[in-house]
Amino acid sequence: MASREYNHSEIEKKWQDIWEKEGAFRATPDKSKPKYYTLIEFPYPSGEGLHVGHPRSNTALDIIARKRRMEGYNVLYPIGYDAFGLPTENYAIKNKIHPRIVTETNIARFRNQLKSLGFSFDWSREVNTTDPEYYKWTQWIFLKLYEHGLAYKAEIPINWCTSCKIGLANEEVVGGVCERCGGEVVRKIKSQWMLKITEYAQRLLDDLDKVDYLEKIKAQQVNWIGRSEGAEVDFAVVGTEKKIRVFTTRPDTLFGATYMVLSPEHHLIDEERGRIANWEEVSEYRAVAARKSDFERTELTKEKTGVPLKGLSALNPATGKEIPVWISDYVLMSYGTGAIMAVPGHDSRDWEFAKKYGLPIVEVVKGGDVEKEAFVDIQSGVLVNSGLLNGLTVPVAIQTMIDWLEKQGLGTRKVNYKLRDWVFSRQRYWGEPIPMVHCDKCGWVPVPEAELPVVLPDVENYIPNEEGESPLANITEWVNTTCPGCGGPAKRETDTMPNWAGSSWYFLRYCDPDNDKELASMNELRYWMPVDWYNGGMEHTTLHLLYSRFWHKFLYDIGYVPTLEPYMKRTSHGMILAENGEKMSKSRGNVINPDAIVEEVGADSFRVYEMFIGAFDQTIPWSQQGLKGCRRFLERVWRLQDLLVKGEGFSPEFEVSMHKTTKKVTLDYERMKFNTAVAAMMELTNRFHDAGKITRGEFRRLLHLLNPIAPHITEELWEIVGFGKPIYRQSWPAWDEEKTVEDTVEIAVQINGKVRAVVSVSRDASQEEAREAAMAEEAVEKYLEGKRIVKEVYIPQRIYSIAVK
RNA sequence: GCGAGGGUGUCGGAACUGGCAGACGAGCUGGACUUAGGAUCCAGUGCCGCAAGGCGUAGGGGUUCAAAUCCCCUCCCUCGCACCA
C-alpha cells in the first residue's frame, strides 16, 4: 500500500487551524496545576521580517513548552512585539509614512510568519510596547522611579552628530562617525533623564547567586557591574583650601604617587583658572578632548597625551612632598572621582605617561624593575620606601594604609562600580513620552497617574530640530500644558524613553495582559512569576538583562512584584550566519527568508534543521543542503506508515532502542542538546527502514518524541494511524531504566591499550566470565603468546583491558 | 590587556563520570531505477598501505592498563569588556 504524498503545506495549515480553534496552547486560568513560564525575547518587528535567528530561540523553547504541557504543567509561552525604536522611525522619515502604520504592517507580517512556523504561543496574550494601554504602565513605572528618587535630570555628554544635528545612541556611532551620514560625532552636554541603577549595583551582583544563568552570562553581568574595592584619598592643593579627591584600588602605593592627573572635565580646572599659568595650552587641550568621541578617547588613542597645570601642585599625604598636577584624557570623568593619583612604578598606564613626560618613578613595591616597566604583581611584592608600610605584603599594606588614612582623616574605604547610571532620554519621536512636565515655578513635576498614558501625539515630521530636541518639541499645542502642581503654564518633557524601557517589564504584562487597573495583578504574578526559563540572544545578556533585573528589583521593593529576580534560568543561542560564514544582513543581500523555506520544505523541516544545525549555543553558518537532509528525514518518517505492523508494544529487537531513545531525547531536550536528540531519532528511523517494519507502539513512541520539534507532521501521522486524541493532549512518555541496556553487550578487549577484539558477554558478566570470553578470541591469544600479563582491568559493559610485557 | 568559551574527517558536528574516536547530517565515489535526475534506493567514504599492519582529536611533554576528555608548556580562533585608576 503506497501512502499518499507528504504534503507539508496542507498538513501544516490544517493543524495550525485546529490548534487555533481549540485554543490548544492557551495558558489556563486553572491555578491548581503547577505552572511553567517559558519566555523568549520578544522580537523587534523590523521591516525585513523574521530572520532565521528568531526561530532558533523560538523553536527551542517551543520544544520545552510543548514538553512541559505534556508533563502536566500549565504553561505560559507568550509572544509580543518590542516595537518602538529607530529603524521604524527612520523608515517612516524616509517613506513619509506614520511610524504607527509602519509598526502595524510589520507586526502583521511577523505574526503571520510566526504562525506559519507553528509555535505554541498563547496568542491571546500578545503585547505591543507601542500600544498606549501598554506604555501607560511603562510610564507609570517611570513615575514610581521618580517618586522614589531613582530618576533625575543630569547634564551629561551625549554623542552629537554635527551634520545631522542630532543625538546618537552609542550603537549608532560607528568608528567615531555617524552611522547614517558619516558625519563627525562629538560629545555634547545635554540635560538628560537618568535612572539610578548604580544604587542597585551591589544587589544586582549579589543576587546572581540566586539564579541559574549560563556561566558566561553571569560573568558578563559581573564584568559590567565591575565592582572594585579601594579607598578615596584627599590630596591638598598647595596654596588653597581645595582638595583633590581620588579613588584608588592600591592605597598601599601612596608613597609612590609622584604626580596627579585630572580628567579634562574636572571642576577644579575652571575653579582654579586664575592660578593656571598655561591656561591657553590647557584650554586648547580640553577643547580637543571634548571634540573626541568616547570611541576615540578610548579605542583609538594609543599614545597618551596630556598637559601640566602649571602653577598648581598637590601634597602627597603620605610623603608630604609637593607633586605636579596634570590633565589627560586617559582619566575619565565618569569613573571614580575624575582624578587619580599616578603611581608610575606600579601602574602601567601611569608608567607610560611618566616615561613620555619625564615624571619621576619611585619604586614602592619590590620585585620588578620599575625603570623597565611598571611592577603590578600584588602576590609576590613587598613594600619599600613606604614608611609604616615597609616590609608588608601588598594585601596587608592596603588594609594598613586605609586604616591609617581613616585615622588621619585623609581618606576612607570605598567601593566603586564601573556600572553607570542609565541614560534614559532619547531625542526621538518613536518612543514612550516621558511623563514629566516642567514648570518655571515648580520645576519638574510628574504627570499625575490618573492622566496616564501621556499619548504620543501625531506629528507632521519626525526629524529632530536644530538644537537636537525631539520632534515632539515642535508641537506647541502638545508641549504647552498646565502645571499639575500650580496650574500655571508649563511645558511637557519632549524626550522619549529608550528601547530598553518597554522590554524591561514585558514579561510581567504577559501574566495579565488586559489589566487596566495595574501593570499586572499580584494574584497573577504570584502564580506565574518568576519566568522559569528565558532564552535569547547573547547580544542582550548584558544590558537588557541588567536593566530588567533593576526594574524588577525596584518593583519588588515597592511591593508590585512578588519575586526578587525576574528570571530563574537564562540561556542563550548562537547566531546563524549566511552560508559563506558572513553575518546575515540586508546590505549584504544574504538574508535567508523563512517564508521561502516554509513554502518549499515546510515549517517542520525548517524547525528540525534549526535544531539539528549544530550545538545550540554555537554560532553556525546556514546550509541549504543540510536543510534538505532534514526534509529527507521527515519523508522517511512519513514513509514509516507503510511499514506498520501489528503490536501496541515494542518488538523484542527494538525494545532497548525505544527506551534508550526515549531517555536520550527527553534528557537532550532539557540540556538543549537538540542536535543529538534529532540524530538519535534519525538513527532510529533508519533502523526501522532497515528492518522493513515498525510496530504501532514503536511508531507511536517515535512520533511522540519527535512532536515537540516537528509538531505538524507528527500530529498528522498520529491521526492517520489512529492513535487517539492528539499528541498535544497526551502525557510525555517515560522510559524504563532497566530496559535501556541490552542483556548482551559487546565489549572491547584491549591489549596494551589497543583494541584487538570485540566479544559479546552478558551485561552483568563477572570478570571471570569476561576474561574467559576474551581469552577465547584467537586474536587475543595471538597477542598474549610469549608475553606475561602484568595487569587486567575489567569495566562491566565497557572494556576488558590487559597489559602485557 | 582582562574575562569566558573553543581547536576532532572535505564540511556542520557526535563521544556518559577517562573506557572501541568520527554517531547523525551534508558532500564525494560507485551502482540500481529512469527519456531525464538537483528525486528515490543500495554500497563505500579519517589518513598511509595490495595486505598484514601502522598513524590519527592544534603542537610538545606528562599521569594512567586506558586520554579528544585529566595536568604542565606553546600556538591559534571566537565572543564579551576594554586607559574603570
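Using a 4.0 Å heavy-atom distance criterion, A/Gln797 is classed as making no nucleic acid contact. At a threshold of 4.0 angstrom between heavy atoms, the contacts of A/Thr541 with the nucleic acid are absent. A/Asn416 comes within contact range of no nucleotide atom at all, as no heavy-atom separation falls under 4.0 Å. Within 4.0 Å (heavy atoms only), A/Lys664 reaches no atom of the nucleic acid at all. Looking at heavy-atom distances under 4.0 Å, A/Arg636 makes contact with sugar-phosphate atoms alone, never a base. Heavy atoms of A/Lys218 sit nowhere under 4.0 angstrom from any nucleic acid atom. A/Ile620 comes within 4.0 angstrom of the backbone, heavy atoms only, and of no base. When heavy atoms are screened at a 4.0 angstrom cut-off, A/Ala342 is found touching no nucleic acid atom at all. Using a 4.0 Å heavy-atom cutoff across all strands shown, A/Thr249 reaches sugar-phosphate atoms only and no base atom.
Spacing of P atoms, B/C42 relative to B/C48, comes out at 28 Å, to the nearest Å. Annotation: B/C20 and B/A15 have their C1' atoms spaced 11 Å apart (nearest Å). Rounded to the nearest Å, the gap between the P atom of B/C70 and that of B/G7 is 11 Å. Between the C1' atoms of B/C16 and B/U69, the separation comes to 11 Å (whole Å). Rounded to whole Å, the separation between the P atoms of B/A68 and B/U17 comes to 16 Å. Nucleotides B/A14 and B/C83 have their C1' atoms positioned 44 Å apart, rounded to a whole Å. Taking atom P on both B/G46 and B/U29, the two are 16 Å apart, rounded to the nearest angstrom. Comparing B/A4 with B/A52, their C1' atoms sit 49 Å apart, to the nearest whole Å.
In this structure, B/U63 makes no Watson-Crick or G-U wobble pair, since no nucleotide meets both defining distances under 3.5 angstrom. Base pairing analysis places B/G46 opposite B/C55; the two distances defining the Watson-Crick or G-U wobble pair are each below 3.5 Å. The pairing partner recorded for B/C81 is B/G1, the criterion being a Watson-Crick or G-U wobble arrangement whose two distances lie under 3.5 angstrom. When Watson-Crick and G-U wobble pairs are counted only if both distances are under 3.5 Å, B/G9 pairs with no nucleotide at all. Base pairing of B/U40: its partner is B/A32, meeting the Watson-Crick or G-U wobble criterion (both donor-acceptor distances under 3.5 Å). Of the nucleotides present, none pairs with B/U69 by Watson-Crick or G-U wobble criteria with both distances under 3.5 Å. The partner of B/A21 is absent, by the rule that a Watson-Crick or G-U pair needs both atom distances under 3.5 Å.
Here the C1' atom of nucleotide B/A66 and the NZ atom of A/Lys791 are 10 Å apart, to the nearest Å. Counting to the nearest Å, the P atom of B/G1 and the CG atom of A/Asn223 are 16 Å from each other. We find that CD of A/Gln220 is positioned 12 Å from P of B/G5, with the value rounded to whole Å. One interatomic measurement links the two molecules: NZ of A/Lys660 to C1' of B/C24, which rounds to 15 Å at whole-angstrom precision. Between the P atom of B/C79 and the NE2 atom of A/His540 lies a distance of 17 Å, rounded to the nearest Å. Between the CD atom of A/Gln625 and the P atom of B/G12 there is a distance of 15 Å, rounded to whole Å. Across the protein-nucleic acid pair, A/Met575 atom CE and B/G5 atom P stand 19 Å apart, rounded to whole Å. Following rounding to the nearest Å, A/Asp617 (CG) and B/A4 (P) show an atom-to-atom distance of 17 Å.
Among the nucleotides B/G13, B/C24, B/A85, the one closest to any side-chain atom of A/Phe612 is B/C24. Considering only side-chain atoms of A/Lys754, the nucleotide from B/A14, B/A85, B/C55 that sits closest is B/C55. Looking at the side chain of A/Ala615, the nearest of the listed nucleotides B/A15, B/A85, B/G13 is B/G13. Checking B/A85, B/A26, B/G19 against every side-chain atom of A/Arg632, the shortest atom distance belongs to B/A26. Looking at the side chain of A/Val793, the nearest of the listed nucleotides B/A85, B/A39, B/G19 is B/G19. Checked against B/A66, B/A85, B/C83, the side chain of A/Asp347 finds its nearest nucleotide in B/A85. Checking B/C65, B/G13, B/A23 against every side-chain atom of A/Gln618, the shortest atom distance belongs to B/G13. Checked against B/A85, B/C16, B/A26, the side chain of A/Thr248 finds its nearest nucleotide in B/A85. Distances from the side chain of A/Val758 to the nucleotides B/C41, B/C20, B/G53 place B/C20 closest. Taking every side-chain heavy atom of A/Trp224 into account, B/A82 is the closest of B/A85, B/C83, B/A82.
Between A/Trp500 and A/His540, the two ring planes are perpendicular [angle over 60°; tilted spans 30° to 60°].
An OP1 or OP2 oxygen of B/A85 is reached within less than 4.0 angstrom by a side-chain nitrogen or oxygen of A/Ser228. Contact annotation: A/Asn686 side-chain N/O to B/G25 OP1/OP2 distance is under 4.0 Å.
At least one side-chain heavy atom of A/Arg636 sits less than 4.5 Å from a side-chain heavy atom of A/Arg632.
Interface remark: the A/Lys418 side chain does not form any donor-acceptor pair with the B/C81 base, using a distance-only criterion of under 3.5 Å. The base of B/C20 is not paired with the side chain of A/Arg756 by any donor and acceptor separated by under 3.5 Å.
The cationic atom of A/Arg570 (NZ for Lys, CZ for Arg) does not lie both less than 6.0 Å from the six-membered ring centre of A/Tyr213 and within 45° of the ring axis.
Between A/Leu389 and A/Leu383, the shortest heavy-atom distance links the atoms O-CB, 3.3 Å. The two residues A/Val804 and A/Asn752 come nearest to each other via the heavy atoms N-OD1, 2.9 Å.
When the shell of 6.0 Å around NZ of A/Lys569 is examined, it contains more than 12 heavy atoms from other residues, nucleotides or ligands. Crowding of A/Glu599 atom CD: a count of heavy atoms from other residues, nucleotides or ligands under 6.0 Å not exceeding 12. Surrounding CD of A/Glu772 are at most 12 heavy atoms belonging to other residues, nucleotides or ligands under 6.0 Å away.
Taking 90° from 0 as the syn/anti boundary, the base of B/G22 is oriented anti.
Judged by closest nucleotide on RNA chain B, A/Ala219 is the one of A/Ala219 and A/Ile747 placed further toward the 5' end. Judged by closest nucleotide on RNA chain B, A/Thr676 is the one of A/Thr676 and A/Glu746 placed further toward the 5' end.
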Taking it one step at a time, do A/Met584 and A/Ile576 satisfy side chain to side chain contact (heavy atoms under 4.5 Å, CB included)? CA-CA 8 Å; A/Met584 275 188 214; A/Ile576 294 180; 4.1 Å; yes
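Counting only distance, with no hydrogens or angles, the side chain of A/Ser572 and the backbone of A/Gly536 share a donor-acceptor pair below 3.5 Å.
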